[in-house]
Every structure is written in C-alpha cells, then in structure tokens.
Amino acid sequence: KQEVTQIPAALSVPEGENLVLNCSFTDSAIYNLQWFRQDPGKGLTSLLLIQSSQREQTSGRLNASLDKSSGRSTLYIAASQPGDSATYLCAVMEAGKTSYDKVIFGPGTSLSVIP
Amino acid sequence: DAGVTQSPTHLIKTRGQQVTLRCSPKSGHDTVSWYQQALGQGPQFIFQYYEEEERQRGNFPDRFSGHQFPNYSSELNVNALLLGDSALYLCASSLAGGEDEQFFGPGTRLTVL
C-alpha cells in the first residue's frame with residue numbers, strides 16, 4: 001500500500017532564506033509526483049509535476065527533484081517571501097493496471113515565512 | 001478556458017441528512033476524481049469516474065456515491081451524514097491515460113452539525 005510522508009510537518013523561516021521540503025513514498029511504481037500549494041480553506045494549486053522518467057522540474061524560484069528508486073522528492077524554494085506562506089502537499093500518482101490515476105497525498109508541510 | 005468548478009462553496013447540514021456536491025471538469029477533460037480533506041490532513045481519495053462509471057474507489061463506505069454525466073460533469077452524494085463527514089471536498093479532473101496532471105477545483109466546505 002502506497003504511503004506518502006512529508007517532513008517537516010511545519011516550518012518557520014525568515015524572509016529571504018532558501019528552504020527544502022521533503023516528501024517520501026513507499027512504492028516506487030508511480031506515474032508522476034506533483035507538488036501543490038494550499039492556502040487556508042482553499043483548493044489546491046499545482047506547482048510542479050515530475051514524470052517518473054524525469055529527475056527534476058523548475059518553475060521560477062521553485063525546483064523539485066525526484067529520486068524514484070529511493071522514494072524521495074524535495075521541493076526547493078529559493079529566496080522565500082511572506083507570500084510563500086501556505087501548506088505544501090506532495091502527491092504521487094500510482095501506476096499499474098488496477099490503479100487508474102489514483103493520487104495519494106502526503107499530510108503536507110505548513111510553511112510560514114516571517115517578514 | 002474555465003478550470004475545474006465546484007458548487008456550492010459552503011454547505012451546512014445536520015446529522016442524518018443527505019448532500020449532493022457538484023463538479024464541472026476542466027475543458028477537454030473526461031475523468032473526474034473526488035477527494036475528502038479533513039482539517040489538517042492531506043486529501044483522501046474517494047473515487048474516480050470515467051465514461052460515466054466508477055472506475056476506482058478508495059476506502060470510503062457505501063454512503064458515498066457518485067455519478068458522471070455525458071458532459072463529464074460529476075456529482076458526489078453522501079447519505080446519512082455523520083459529524084465526521086465534515087471536511088473540504090475536492091474535485092479533480094484529468095484526461096484518461098494514467099499519466100496526466102490532475103487539476104483541482106476550489107472545493108466545497110461541508111459542515112455537519
């Protein structure tokens with residue numbers, strides 16, 4: 001059974017710092033891994049999608065890496081800003097003929113960037 | 001191009017009642033998945049609809065049922081509501097195929113009193 005964990009559960013950093021969020025998954029049979037941002041009480045905003053054949057994706061100040069063999073992904077945020085404060089969720093899409101587009105989420109990391 | 005839309009935004013019900021939530025997928029998408037997100041937790045997969053049939057189901061009781069219409073929109077129905085059903089219900093749409101990105105709607109906040 002696929003399980004996704006995220007460390008740390010919460011993180012507070014001063015503005016301008018670079019930071020890394022971690023995601024681990026137990027079954028390497030995945031189609032892709034996605035990082036989402038969620039503001040309080042709101043829906044999910046997709047940040048980066050990494051296909052299983054890829055090693056990393058970049059968008060602006062965000063960089064996500066994927067090591068499928070070890071079951072790990074990291075989200076790197078450069079030069080953090082107060083507007084980055086949110087919960088960050090990673091999710092894996094399971095592969096296999098009985099797992100159609102099923103996405104398993106981690107519990108999230110709550111990030112606070114202090115001005 | 002409208003993204004995924006959900007209605008209503010908020011809903012308050014009492015225990016034992018029934019509720020219907022609605023989702024319209026992103027234009028061009030044919031697959032709809034539903035998730036339940038309790039406060040402080042990650043979303044949990046409820047089920048997925050493709051070609052008007054439930055294709056896969058998570059660990060949720062039969063009180064949770066759904067439907068997909070020919071225009072690919074979908075409904076989530078929950079019967080005999082429990083206090084523990086209070087959550088944010090998220091709908092996601094995608095293209096069938098198993099490798100495409102899922103796009104999420106803003107969610108419906110259900111409160112059961």
Side-chain angles (χ1 to χ4, degrees), chain A residues 1-7 9-10 21 23-25 29-54 57 59 64 66 68 73 86-110, chain B residues 3-7 9-10 21 23-26 29-51 53-60 68 86-111:
Chain A
K1 178 187 173 186
Q2 178 75 267
E3 292 185 2
V4 181
T5 56
Q6 292 186 245
I7 295 174
L21 307 181
C23 172
S24 297
F25 49 96
I30 63 171
Y31 277 127
N32 59 49
L33 183 144
Q34 233 174 315
W35 282 93
F36 294 89
R37 169 189 172 132
Q38 186 174 35
D39 293 292
K42 304 295 185 183
L44 306 180
T45 300
S46 180
L47 298 174
L48 290 165
L49 171 73
I50 312 175
Q51 300 290 358
S52 61
S53 58
Q54 297 175 322
Q57 283 287 336
S59 176
L66 173 64
K68 206 171 69 162
S73 176
T87 296
Y88 290 80
L89 296 150
C90 76
V92 297
M93 180 177 286
E94 293 188 316
K97 56 184 176 180
T98 62
S99 298
Y100 300 101
D101 301 359
K102 183 176 177 180
V103 176
I104 309 297
F105 281 85
T109 293
S110 177
Chain B
V4 180
T5 59
Q6 293 186 243
S7 63
T9 305
H10 297 90
L21 311 182
C23 171
S24 292
K26 180 179 169 66
H29 284 181
D30 56 9
T31 302
V32 173
S33 303
W34 286 92
Y35 295 82
Q36 180 196 66
Q37 186 178 24
L39 201 61
Q41 298 181 21
Q44 300 291 315
F45 176 78
I46 302 175
F47 44 51
Q48 182 183 83
Y49 277 84
Y50 170 68
E51 292 188 339
E53 290 191 357
E54 183 182 294
R55 185 160 74 166
Q56 187 165 208
R57 188 179 185 92
N59 189 26
F60 280 80
Q68 185 179 35
S86 295
L88 180 68
Y89 288 85
L90 296 164
C91 165
S93 74
S94 58
L95 276 171
E99 297 185 22
D100 279 344
E101 180 179 2
Q102 291 201 350
F103 290 82
F104 282 79
T108 293
R109 172 69 64 186
L110 172 64
T111 302

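Because the structure is predicted, anything quoted here is derived from the model rather than measured. Just the heavy atoms: all of them, side chains too, but no hydrogens, waters or symmetry mates, feed the values below.
Taking every heavy atom of both residues into account, B:L90 and A:G43 meet most closely at CD2-CA, 4.0 Å. Residues B:F45 and A:V103 share a closest heavy-atom pair of CB-O, 4.1 Å. When every heavy atom of A:Q34 is checked against every heavy atom of B:Q102, the shortest pair comes out as NE2-O, 3.5 Å.
Of the atoms belonging to B:Q6, not a single heavy atom falls under 4.5 Å from chain A. Using a 4.5 Å cut-off between heavy atoms, A:L44 touches chain B through backbone and side chain atoms alike. Residue contact with chain B, scored on non-hydrogen atoms closer than 4.5 Å, involves the side chain of A:Q38 exclusively.
Note that the CD atom of B:Q37 and the OG1 atom of A:T87 stand 8.5 Å from one another [nearest 0.5 Å].
Taking the six-membered ring for Trp and the full ring otherwise, the centers of B:F104 and A:F105 sit less than 6.0 Å from each other.
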